[in-house]
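Any value given below was found using the heavy atoms of this structure, including those in side chains, with hydrogens, waters and symmetry copies removed.
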Amino acid sequence: MTERPLKVLVAGLGNMGLSHALAYANNPGFDIVGLVNRSTPVLPEPLAAHTVLPSFDAALSELRPDLCSINTYSDSHADFAVRAMEAGAHVFVEKPLATTVADAERVVACARANGRKLVVGYILRHHPSWMKLISLARELGGPYVFRMNLNQQSSGKTWETHKALMQTTPPIVDCGVHYVDVMCQITDAKPVSVRGMGLRLSDEIAPDMYNYGHLQVTFDDGSVGWYEAGWGPMISETAFFVKDVMSPNGCVSIVMDPNAKSDDIDTHTKTSTIRLHRAQTDSSGRFMQPDQFLQMAGEPGHQELCDREQAYVLKAIREDIDLDRHMTDAVQSLRICLAADESARTGRMVDL
């Protein structure tokens with residue numbers, strides 16, 4: 001017998017919220033029963049028949065969804081997720097899971113107490129090229145040096161979105177959780193200490209916020225990593241996307257398309273080419289193997305990647321997948337990035 005579609009309530013219809021809503025519309029395993037947003041956006045054709053509701057709590061009470069998809073601003077993630085799970089719904093929540101470690105732990109505890117599935121929007125976990133990058137790095141063996149950044153030169157509507165995000169969350173937290181999560185998956189070691197720095201490069205953001213940040217993290221296996229993120233019209237397009245992992249045995253890196261632009265959302269996930277270098281040399285000091293260039297043909301675009309992520313949510317619910325490690329990892333990456341924010345604001349290293 002065919003299982004009935006899961007009833008989905010989608011909260012938040014910004015860039016990611018709309019993409020996730022389209023993913024539910026594309027998948028017969030889901031039935032969108034409501035869309036929630038503070039304003040009424042212009043909806044694409046697959047969603048045009050749905051009424052946009054203003055109140056999450058009213059929609060949750062009236063529609064009784066099986067799944068709540070929470071794609072609102074970060075400061076509402078924890079409260080919405082808890083209310084949804086206490087009402088009996090499973091939850092997909094965009095990253096970051098919360099704006100404090102305590103709130104993130106509260107959400108995870110609620111999922112466990114209520115027997116609900118909680119999937120956090122770590123979209124790179126569903127990207128075949130990023131999965132390959134992580135696998136190759138783990139094969140090299142640690143300890144590792146992680147060199148990663150994602151700077152975005154933004155203007156117009158995108159800069160307005162970035163300014164809205166920065167009302168609560170700096171770039172090194174909002175974007176950083178993705179790439180710190182990649183570091184943690186590769187090393188599988190415990191984070192030890194974090195340093196952070198930040199600079200406010202615009203008078204258009206709050207006096208206590210910064211739109212450029214940099215973090216450094218150390219792990220108990222000796223691995224070290226840095227991550228850099230900046231948003232705004234002043235951000236450089238030079239070396240805006242660096243994803244490089246080094247170890248004693250070589251390195252694995254993403255080689256970007258030289259014509260890529262930082263404000264293209266597909267650029268943030270597509271890898272173009274993975275370059276694998278092995279460090280072994282022969283008796284004369286020459287490298288024993290030439291570098292391998294792995295062409296990542298047929299990569300999923302942004303919408304297809306969102307489709308894959310929501311297909312995993314469906315699978316996790318229907319097949320009762322154990323998400324304990326997934327939830328623990330989400331809290332850990334957030335803990336590291338929030339420690340970097342604390343360090344940036346205090347000027348002191350944070351021990352974890």
Side-chain angles (χ1 to χ4, degrees), residues 14-16 74 95-96 123-124 127 129-130 133 144-183 194-217 224-246 251-275 277 296 299 301-302 333 336-341 343-345 347:
N15 290 334
M16 293 307 297
S74 304
K95 56 78 189 166
I123 201 165
L124 298 181
H127 196 302
S129 300
W130 282 87
L133 177 83
Y144 300 96
V145 174
F146 302 107
R147 305 169 61 240
M148 298 193 179
N149 76 356
L150 179 57
N151 294 314
Q152 297 178 60
Q153 186 180 93
S154 61
S155 60
K157 183 179 179 182
T158 306
W159 177 225
E160 294 303 317
T161 297
H162 281 156
K163 286 188 288 186
L165 288 169
M166 284 186 287
Q167 291 176 19
T168 59
T169 311
I172 57 170
V173 176
D174 183 86
C175 292
V177 291
H178 275 311
Y179 303 104
V180 168
D181 180 58
V182 170
M183 297 181 194
V194 183
R195 296 173 177 84
M197 62 182 184
L199 187 63
R200 181 174 178 263
L201 293 172
S202 172
D203 291 334
E204 297 180 45
I205 60 177
D208 63 345
M209 183 56 71
Y210 52 95
N211 62 311
Y212 171 84
H214 189 288
L215 68 81
Q216 297 174 328
V217 56
V224 298
W226 62 256
Y227 176 73
E228 172 195 57
W231 293 339
M234 73 297 296
I235 298 300
S236 173
E237 286 276 17
T238 301
F240 69 86
F241 187 101
V242 176
K243 302 296 183 293
D244 190 24
V245 183
M246 299 185 289
C251 59
V252 58
S253 319
I254 293 175
V255 181
M256 284 299 297
D257 180 340
N259 297 313
K261 296 293 184 182
S262 67
D263 62 352
D264 178 359
I265 195 167
D266 277 328
T267 296
H268 304 171
T269 55
K270 283 194 174 182
T271 59
S272 183
T273 302
I274 293 178
R275 180 173 187 165
H277 167 73
M296 297 293 108
E299 285 189 303
H302 175 71
S333 57
I336 292 169
C337 291
L338 288 176
D341 180 48
S343 176
R345 294 175 187 279

State, yes or no, whether a side-chain contact exists between Ser202 and Met234 at a heavy-atom distance under 4.5 Å. yes
Tell me, do His214 and Trp226 make a side-chain contact under 4.5 Å, heavy atoms counted? yes
Which is it for Asp174 and Trp231 under the side-chain contact (heavy atoms from CB on, under 4.5 Å) test, yes or no, and what are the steps along the way? CA-CA 11 Å; Asp174 183 86; Trp231 293 339; 3.7 Å; yes
Once you round to the nearest 0.5 Å, how far does CG of Leu201 lie from CG of Asn211? 4.5 Å
Excluding sequence neighbours, so at least two apart, what forms salt bridge (charged side-chain N to carboxylate O under 4.0 Å, His left out) with Asp208? none
Could you check whether Glu160 pairs with Lys163 (Lys NZ or Arg NE/NH1/NH2 to Asp/Glu carboxylate O, under 4.0 Å)? yes
Kindly indicate whether the side chain of Asn149, heavy atoms from C-beta on, has any atom under 4.5 Å from the side chain of Tyr179. no
Pairing donors with acceptors under 3.5 angstrom, does anything connect the side chains of Glu228 and Tyr212? yes
Straight-line distance of Met148 CE to Phe241 CZ, nearest 0.5 Å: 9.0 Å
Heavy-atom closest pair (His162 atom, Ser154 atom, distance to 0.1 Å) is ND1-OG, 3.0 Å
What heavy-atom pair brings Cys337 and Gly176 nearest, and what distance separates the two atoms? SG-C, 3.5 Å
Note: Lys95-Asp181 ion pair, threshold 4.0 Å (strictly below): no
Would you check if Val217 and Val224 make a side-chain contact, meaning some heavy-atom pair closer than 4.5 Å? no
Side chain Arg147, main chain Gly225, donor-acceptor under 3.5 Å: no
Is any side-chain heavy atom of Leu215 closer than 4.5 Å to one of Val180? yes
Between CG on residue Leu150 and CD1 on residue Ile172, distance to nearest 0.5 Å: 13.5 Å
4.5 Å side-chain heavy-atom contact, Ser236 and Gln153: no
Can you tell if the side chain of Tyr210 reaches within under 4.5 Å of the side chain of Met166, non-hydrogen atoms only? no
Residues Val173, Leu338; criterion side-chain contact (heavy atoms from CB on, under 4.5 Å); working and verdict: CA-CA 6 Å; Val173 176; Leu338 288 176; 4.1 Å; yes
Separation between OG of Ser253 and CZ of Arg275, rounded to the nearest 0.5 Å: 7.5 Å
Where do Pro96 and Ser74 come nearest, in terms of heavy atoms and distance? CD-OG, 3.4 Å
Taken to the nearest 0.5 Å, the spacing of Asn15 CG from Thr158 OG1 works out to 7.0 Å
Which heavy-atom pair separates Leu133 from Ile274 by the least distance, and what is that distance? N-CD1, 4.0 Å
Arg195: what forms a salt bridge (charged side-chain N to carboxylate O under 4.0 Å, His left out) with it, not counting sequence neighbours? none
Show the numbers, then the answer: is there a side-chain contact (heavy atoms from CB on, under 4.5 Å) between Met209 and Gln167? CA-CA 8 Å; Met209 183 56 71; Gln167 291 176 19; over 6 Å; no
Taking atom CE of Met183 and atom OG of Ser333, what is their separation to the nearest 0.5 Å? 11.0 Å
Side chains of Met16 and His302 in contact at under 4.5 Å (non-hydrogen atoms): yes
